[in-house]
Undergrad: 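For reference, the structure I am asking about is given below.
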Amino acid sequence: MNAILDAWTWLTTADHWTGRGGVWQRLGEHLELTGLCLLLSAMLALPLAFWLGHGGGRRYGGALAINISNAGRAVPTFAVLVLLTISPVGEHGELPTIIALVLFGVPPLLTNAYVGIAEADRDVVEAARGMGMSPTQLLLRVELPLAFPLLMTGVRTAAVQLVATASLAALAAGGGLGRVITAGFDTNNTAQVFAGAVLVAGLALLVEGFLALVQRLIDPHRRPRDGHAETATGRSVSTTPEMETTT
Amino acid sequence: MSAASAQSCLAANDWICGEYLRSRSQELTDATVEHVLITATSIGIAVLIAFPLALLARRWRLASAGILSLTTALYTVPTLAMYALLLPFFGISVSLVICGLVLYSLTILVRNILTGLRSVPVEAREAAIGLGYGRTRLLFTVELPLALPALMAGLRIATVSAVSLTTVGAIVDNGGLGNLIYAAMDSYFKAQVLTASVLCVLLAITADLLLLGLQRLLTPWTRAAAGGRRARRAAGAPVRDAVLDDARATV
């Protein structure tokens with residue numbers, strides 16, 4: 001495949017990596033944006049999920065979590081990005097991208113954390129309560145460790161989702177690695193388009209792999225198990241890999 | 001700027017504009033038809049590929065690991081990158097967008113068909129074998145109907161996702177309603193962006209409801225057996241996941 005060889009040549013040309021608009025700069029923008037928005041999404045979604053799962057809204061929590069994640073799937077990310085860009089929000093630099101990213105990062109985090117907490121073994125929770133644990137202790141020392149695998153699934157899904165959405169931002173005049181692809185399209189440079197795609201896809205896979213590793217390292221249970229053991233036990237609502245959406 | 005009449009909402013660049021709907025109805029219809037065709041073709045091809053893959057994955061453990069991890073990895077690739085990665089193979093064409101959507105749908109469909117087939121009760125299978133059913137007859141008359149709820153749940157998720165992912169095809173000029181959104185972005189043509197976006201969401205919801213209706217037609221026994229809890233949940237929600245969830249609960 002000539003196109004693939006050309007892309008390899010493009011990728012191995014040092015000039016394309018350095019300087020203004022080089023791959024390094026785009027990668028930095030991409031990671032900065034993704035990291036910031038993942039943090040913001042988590043700050044929004046996790047407290048809500050804990051509250052819903054912990055009891056506050058147990059009755060309606062499930063329906064809410066499911067409906068939010070469903071709505072997220074039907075809304076086209078690209079349309080939201082463009083809408084925000086040409087609305088008054090668009091006058092504030094990166095704000096449209098940040099809002100869109102946070103919007104699409106919340107559903108997987110919320111749903112998975114909620115299910116994790118709500119489905120934490122009731123007997124264990126009751127036992128802990130019987131031992132006199134305060135609600136805070138209960139959350140931090142019992143429910144969170146039990147919910148950890150599902151919670152991390154949510155984090156991984158959200159992270160991949162954000163990497164994907166951030167590359168889409170380039171279509172709506174944002175920065176990030178997607179810019180390499182769109183610039184390639186604009187100049188009819190197939191080699192650059194392909195090279196950019198390899199970079200974006202590689203980053204998404206890398207982020208997913210890295211977080212899987214982190215999950216393995218900090219899992220409070222630290223017991224050997226295969227990746228699906230946890231989702232298989234609970235009556236999972238929206239936690240299985242087929243629920244992930246890429247943008 | 002003062003009290004815009006119906007005629008001047010195009011000039012004023014309003015978000016909602018009846019004049020736009022009237023004057024560009026042909027353009028909107030064409031884009032919607034293109035959108036539906038792209039989505040439907042992709043899902044159709046994906047089902048045709050996913051079904052044998054799921055059967056293969058069920059038969060051999062090794063194949064199942066390979067097929068599942070490959071399709072999951074494909075699912076991680078961002079849409080923009082997916083379309084760009086396929087560019088050298090298809091050039092700028094509608095096949096490129098369709099191929100991308102097929103690859104995404106495979107993950108969801110293979111997993112759900114597999115889940116459905118695995119959830120068929122052993123007793124049902126053994127009873128059919130005892131009656132002298134061959135492998136093919138067993139598959140099509142016993143296993144497939146019982147796997148239908150999970151299969152349809154997957155189909156609905158795949159379809160709704162595909163409707164929204166089609167828009168990104170605008171980058172290669174084959175994105176249906178996405179083309180209108182992309183074209184209107186540079187000129188800040190608000191009415192066109194909003195109308196196309198809303199149509200896109202409506203399309204996703206309509207497709208979902210149609211598939212839900214189809215599922216209910218195809219699986220009348222699930223309603224007869226439904227207890228109060230399930231009936232209530234089904235009534236309360238346009239919910240794919242609840243359907244999937246119910247399918248799972250039978251595992």
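Just so it is clear: chains get the letters A, B, ... in the order the sequence lines come, proteins before strands, and each one is counted from 1.
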Undergrad: Would you be so kind as to tabulate the donor-acceptor pairs closer than 3.5 Å made by side chains of residues 79-104 of chain A, with sequence neighbours excluded?
TA:
{"from": "A:Thr85", "atom 1": "OG1", "to": "A:Leu81", "atom 2": "O", "distance (Å)": "2.5"}
{"from": "A:Ser87", "atom 1": "OG", "to": "A:Leu84", "atom 2": "O", "distance (Å)": "2.8"}
{"from": "A:Ser87", "atom 1": "OG", "to": "A:Val89", "atom 2": "N", "distance (Å)": "3.3"}

Undergrad: Side chain from CB out, backbone as N, CA, C, O: work out which of these in B:Ala204 comes under 4.5 Å of a heavy atom of chain A, or both, or neither.
TA: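 Side chain of B:Ala204 only, per the 4.5 Å heavy-atom cut-off to chain A.
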Undergrad: Does atom CH2 of B:Trp60 have more than 12 heavy-atom neighbours, drawn from other residues, nucleotides or ligands, at distances under 6.0 Å?
TA: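 It does not: B:Trp60 CH2 has 12 such atoms or fewer within range.
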Undergrad: Applying a heavy-atom distance below 4.5 Å, give me the residues of residues 196-203 of chain A that approach chain B, sorted by number.
TA: A:Ala197, A:Val198, A:Val200, A:Ala201
Undergrad: B:Tyr104 side chain to B:Thr79 main-chain N or O, any donor-acceptor pair under 3.5 Å?
TA: yes
Undergrad: Looking at every non-hydrogen atom in both residues, tell me the closest pair between B:Thr159 and B:Thr39 and how far apart they are.
TA: O-CG2, 4.1 Å
Undergrad: Say you draw a straight line from CG of B:Leu86 to CD1 of B:Ile92; how long is it, rounded to the nearest 0.5 Å?
TA: 12.5 Å
Undergrad: Would B:Arg111 and B:Thr72 satisfy side-chain hydrogen bond (donor to acceptor under 3.5 Å, both in side chains), going step by step from the backbone distance to the final call?
TA: CA-CA 10 Å; B:Arg111 268 173 201 279; B:Thr72 309; 2.6 Å; yes
Undergrad: Between B:Ile171, B:Leu87, B:Leu68, B:Thr166, which shows the greatest number of heavy-atom pairs under 4.5 Å with chain A?
TA: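 Most heavy-atom pairs under 4.5 Å with chain A: B:Ile171.
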Undergrad: How long is the span from the OH atom in B:Tyr75 to the CG atom in B:Leu70, to the nearest 0.5 Å?
TA: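 That separation rounds to 14.5 Å.
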Undergrad: Quick check for you: among B:Ser197, B:Cys200, B:Gly178, B:Ser164, which has the greatest number of heavy-atom pairs under 4.5 Å with chain A?
TA: B:Ser164
Undergrad: Does any backbone or side-chain atom of B:Val172 lie under 4.5 Å from a heavy atom of chain A? Answer side chain, backbone, both or neither.
TA: side chain
Undergrad: Give a yes or no on whether B:Leu62 atom CG has more than 12 heavy-atom contacts from other residues, nucleotides or ligands under 6.0 Å away.
TA: no
Undergrad: Examine whether an atom of A:Ala195 lies under 4.5 Å from a heavy atom of chain B, and if so say whether it belongs to the side chain, the backbone or both; otherwise answer neither.
TA: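 Neither part.
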Undergrad: Quick check for you: among A:Val207, A:Leu205, A:Leu177, A:Leu171, which has the greatest number of heavy-atom pairs under 4.5 Å with chain B?
TA: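 Highest number of pairs under 4.5 Å: A:Leu171.
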Undergrad: Might you point out which heavy atoms bring A:Gly176 and A:Glu29 nearest each other, and give the distance in Å?
TA: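 Smallest interatomic distance, heavy atoms only, reads N-OE1, 2.7 Å.
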Undergrad: In terms of heavy-atom proximity below 4.5 Å to chain A, should B:Tyr182 be classed as side chain, backbone, both, or neither?
TA: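 Contact with chain A: backbone and side chain both.
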